[in-house]
A.B. asks: 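Before anything else, here's the structure in question.
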Amino acid sequence: MSQPKKTDKPKKLNLILGLIFFLGLLIIFNNFSQVLNPSKEVIFSEFMEAVEKGEVLKVIIVEDNITGEFTDGKAFKTYAPPDPELIKILRSKKVEIKAEPESVWRNILFSFFPFLLFILFFWFLIRRQFQGGGKVFNFGKSQAKLHSESATKVTFADVAGVEEAKEELQEVISFLKDPKKFQKLGGRIPKGVLLMGPPGSGKTLLAKAVAGEAQVPFFSISGSDFVEMFVGVGASRVRDLFDIGRKNAPCILFIDEIDAVGRLRFAGLGGGHDEREQTLNQLLAEMDGFNTQEGVILLASTNRPDVLDPALLRPGRFDRQIVVNQPDLIGREAILKVHSKNVVLDKNVDLKVIARQTSGFSGADLANLVNEAALLAARKDKKAVEVKEMEEAIERVMAGPERKSRILSDRERKIVAYHESGHSLLSLLIPEVDSLHKVSIIPRGIAALGYTMQLASEDRYIYTKDELLGKITVLLGGRAAEMLIFKQLSTGAQNDLNIVTEAAHRMVCEFGMSEKLGNLTLGRKDSQVFLGRDIVKEKNYSEETARKIDTEVRKIIDECYGRAGDLLKENKDKLEKLARTLLEKEVLTSEEVKHIIGYEPKKDRETRS
């Protein structure tokens with residue numbers, strides 16, 4: 001019997017609102033008609049003079065108010081005192097007379113309706129707030145969004161490149177589908193599963209796929225939604241979230257970016273009793289209190305696991321921690337297949353080749369790549385996405401869109417051409433580095449005036465010292481080419497120098513590749529979270545060691561710069577020929593570069609150890 005009442009309330013409310021709207025239209029129409037036909041207000045003596053002259057055509061008498069029309073068509077209104085002779089005078093002048101009683105309800109309606117309308121509107125807003133339609137009276141309520149099992153259409157078929165993580169989560173899915181299978185053996189499913197990985201690696205998508213596979217309700221909320229300016233709101237929302245989970249069991253509670261609320265406590269400056277820490281304490285207490293036998297699984301994701309409080313990561317809370325890494329070559333190919341299912345690809349597009357060209361791309365980057373390629377093909381009115389659009393999309397994702405509006409002078413174009421020719425020539429002369437793929441002097445993105453793209457033959461996880469030195473040498477090839485040809489330096493090598501300095505410093509301080517300092521790791525990364533773990537680095541070595549570090553870093557860079565200069569001097573004719581061709585064509589592929597300089601590989605790159 002309760003269901004009809006729920007459906008009748010909206011009907012009654014709509015009826016009331018419709019009536020109010022209709023009356024409002026009447027008032028607006030009445031006022032609008034008065035604006036279109038304005039009545040001139042005259043004093044009674046002027047009215048009587050007009051009557052005597054025969055200038056009044058008709059009158060309407062309502063109590064003491066008289067409205068009417070002059071013989072020239074103009075309307076008028078006046079106030080008449082009680083006068084029994086007035087009717088006789090009007091009749092003698094053959095004025096058309098109409099008398100009406102005064103409407104009390106009409107006066108009340110037009111006088112008090114605007115105020116009544118305001119009261120009803122204010123009552124409607126207050127009613128909505130108390131029923132949960134707004135946020136004014138619901139600070140302590142959870143902001144979790146429900147994705148029902150019918151709406152959660154994402155499954156593991158839509159997730160690729162994270163096969164290990166999918167295998168780890170299969171156990172959670174099995175538990176949600178058949179809890180008794182684990183309970184009869186005395187097993188306990190993990191209370192919480194933490195997905196860790198870099199941005200764009202597919203953590204949120206993976207959590208939705210778990211809900212889609214298990215066919216259970218999926219409640220998602222961001223970690224930042226817990227913390228507000230009002231004290232106690234975050235803790236109240238945590239309690240409400242777990243209450244929602246228990247009422248809808250079996251279900252999945254998903255907290256995205258949990259580091260917003262789960263950061264290390266009692267660190268940094270200030271007191272330890274702030275709103276964020278109260279919220280974290282409540283979250284810890286709730287995770288201890290709820291039982292997985294109820295069928296509620298807590299999923300969370302973060303790309304900063306290093307800043308999470310240890311109490312959050314201990315067994316009994318987030319028991320299982322799953323790393324969602326960037327996809328490898330096979331994973332990238334699978335991701336490209338998933339995102340290109342609804343894209344018309346040309347038969348010449350080989351996704352395996354595209355996957356080789358996108359080393360280091362995340363799942364989000366690859367999705368963006370396919371979308372950019374489709375947009376480029378549509379812009380050119382093509383019927384299918386071709387290889388050219390896919391490669392252009394890779395360059396747009398890596399270096400940004402072409403800046404055709406950025407016009408360089410002839411001298412600047414020449415400097416950029418020799419700079420990029422230095423990079424590309426050394427990438428062919430040094431066997432330890434990745435192969436050259438393309439070189440361009442077309443400006444892209446915010447600051448790139450040109451770029452040299454190298455292509456790895458396979459995903460790399462370990463680099464030798466010779467490979468790192470070769471990479472630094474190629475990066476310094478642009479500046480070495482400028483110095484060789486123009487005998488002066490430019491600002492074009494700024495980004496190269498940043499990468500070179502960082503690589504050389506890591507070789508000395510992290511990889512133990514310095515002969516003088518030996519196999520040591522110098523500089524601990526443990527510092528206060530709120531002071532910036534990536535900014536402040538603890539110094540665990542003496543000033544003398546610091547000077548040795550600076551000397552070794554400079555030595556590595558100077559030796560690589562000298563090697564780059566020597567190689568370019570020996571091949572100066574090839575450098576100039578390549579730069580002239582680059583100035584003419586602006587973009588060259590690796591095959592074109594090899595043909596220009598007459599390249600003959602001295603060492604097979606595919607068989608190097």
Side-chain angles (χ1 to χ4, degrees), residues 164 196-198 201 264 267 303-308 310 313 321 323-326 328-329 359-360 423 426-427 429-435 454 456-477 479-480 493 495-529 531-567 602-609:
E164 294 85 357
M196 305 181 297
S201 56
L264 185 65
N303 50 32
R304 292 296 308 274
D306 55 317
V307 303
L308 294 179
L313 303 177
Q321 300 167 21
V323 179
V324 186
N325 281 322
Q326 300 285 35
D328 56 10
L329 179 61
S359 178
H423 288 316
L426 288 181
S427 67
L429 296 176
I430 300 175
E432 302 88 33
V433 299
D434 295 329
S435 302
Q454 294 173 263
S457 59
E458 57 186 7
D459 290 327
R460 305 292 304 280
Y461 304 101
I462 295 177
Y463 289 89
T464 64
K465 182 178 180 180
D466 288 342
E467 289 170 343
L468 291 175
L469 292 175
K471 181 180 179 181
I472 293 174
T473 304
V474 172
L475 286 167
L476 292 172
R479 167 152 286 196
N495 186 55
D496 297 333
L497 296 178
N498 286 336
I499 300 174
V500 162
T501 305
E502 176 66 20
H505 198 274
R506 294 188 69 187
M507 287 178 66
V508 174
C509 296
E510 295 182 30
F511 306 145
M513 293 182 177
S514 168
E515 295 179 359
K516 287 188 177 180
L517 295 172
N519 302 317
L520 296 175
T521 297
L522 301 169
R524 282 197 295 262
K525 292 185 178 180
D526 297 330
S527 63
Q528 300 299 334
V529 175
L531 296 180
R533 182 167 290 187
D534 294 335
I535 299 174
V536 180
K537 191 172 183 179
E538 186 177 348
K539 185 178 177 181
N540 62 344
Y541 47 82
S542 64
E543 290 297 328
E544 181 181 354
T545 303
R547 284 191 292 270
K548 289 181 180 180
I549 291 173
D550 294 339
T551 302
E552 288 296 290
V553 170
R554 181 178 293 275
K555 179 183 176 183
I556 290 173
I557 295 175
D558 288 345
E559 288 179 353
C560 291
Y561 182 71
R563 182 187 179 191
D566 293 340
L567 286 172
K602 297 180 180 180
K603 188 176 182 180
D604 188 4
R605 297 169 187 271
E606 300 296 330
T607 58
R608 72 175 185 266
S609 58

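Remember, it's a predicted structure, so these values are computed and weren't measured experimentally.
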A.B. asks: Just how far is it from atom CG of Leu469 to atom CD of Glu432, taken to the nearest 0.5 Å?
C.D. replies: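 Nearest 0.5 Å value for the CG-CD distance: 8.5 Å.
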A.B. asks: With a 4.5 Å limit on heavy-atom distance, are the side chains of His423 and Asp496 in contact?
C.D. replies: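 His423 vs Asp496: side chains touch.
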A.B. asks: To the nearest 0.5 Å, tell me how far Leu522 CG sits from Leu517 CG.
C.D. replies: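 These two atoms lie 6.0 Å from each other.
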A.B. asks: Would you indicate whether the side-chain heavy atoms of Met507 and Ile556 approach each other to under 4.5 Å?
C.D. replies: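 Yes. Closest side-chain heavy atoms under 4.5 Å.
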A.B. asks: Of all heavy-atom pairs between Ile557 and Leu476, which one has the smallest distance, and what is that distance?
C.D. replies: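 Minimum heavy-atom separation between Ile557 and Leu476: O-CD1, 3.6 Å.
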A.B. asks: What's the verdict on side-chain contact (heavy atoms from CB on, under 4.5 Å) for Leu468 and Arg506, showing C-alpha distance, side-chain angles and the deciding distance?
C.D. replies: CA-CA 10 Å; Leu468 291 175; Arg506 294 188 69 187; over 6 Å; no
A.B. asks: Please find the pair of heavy atoms, one from Ser201 and one from Asn325, that lie closest to each other, and give the distance.
C.D. replies: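 In terms of heavy atoms, the two residues are closest at CB-O, 4.1 Å.
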A.B. asks: Calculate, to the nearest 0.5 Å, the distance between atoms CD and NZ belonging to Glu515 and Lys465 respectively.
C.D. replies: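 Result: 5.0 Å between the selected atoms.
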A.B. asks: Is there a side-chain contact between Tyr541 and Leu520, using heavy atoms and a 4.5 Å cut-off?
C.D. replies: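 Counting from C-beta outward, Tyr541 and Leu520 never come under 4.5 Å.
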A.B. asks: Ion pair present between Asp550 and Lys548, side-chain N to carboxylate O less than 4.0 angstrom?
C.D. replies: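 Salt bridge between Asp550 and Lys548, a charged N being under 4.0 Å from a carboxylate O: no.
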A.B. asks: Does any non-hydrogen side-chain atom of His505 lie less than 4.5 Å from one of Ile549?
C.D. replies: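 With C-beta onward as the side chain, the pair touches.
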A.B. asks: Looking only at heavy atoms, which two atoms of Val324 and Pro198 are closest? And how far apart?
C.D. replies: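 In this case the closest contact between Val324 and Pro198 is O-CD, 3.4 Å.
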A.B. asks: Could you check whether any side-chain heavy atom of Tyr561 comes within less than 4.5 Å of a side-chain heavy atom of Val500, counting everything from C-beta outward?
C.D. replies: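 They are not in side-chain contact.
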A.B. asks: Do you know the tightest heavy-atom contact between Gly360 and Gln326?
C.D. replies: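 Looking at all heavy atoms of both residues, the shortest contact is O-NE2, 4.0 Å.
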A.B. asks: Heavy atoms only: give me the nearest Gly477-Leu426 pair and the separation to one decimal.
C.D. replies: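 What the structure gives for the nearest pair is CA-CD1, 3.3 Å.
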A.B. asks: How many angstroms lie between atom CE of Met513 and atom CG of Asn519, to the nearest 0.5 angstrom?
C.D. replies: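 The distance works out to 10.0 Å.
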A.B. asks: Roughly how far, to the nearest 0.5 Å, is CD of Glu467 from CG of Asp434?
C.D. replies: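 Asp434 CG to Glu467 CD: 8.5 Å, rounded to 0.5 Å.
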A.B. asks: Are side-chain heavy atoms of Leu264 and Pro310 found at a separation under 4.5 Å?
C.D. replies: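 Result yes, sub-4.5 Å side-chain heavy-atom pair found.
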A.B. asks: For residues Val553 and Ala504, report the shortest heavy-atom separation together with the two atoms involved.
C.D. replies: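 What the structure gives for the nearest pair is CG1-CB, 3.9 Å.
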A.B. asks: Which distance, rounded to the nearest 0.5 Å, do you find between the CE of Met196 and the CG of Leu313?
C.D. replies: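 Answer rounded to 0.5 Å: 8.0 Å.
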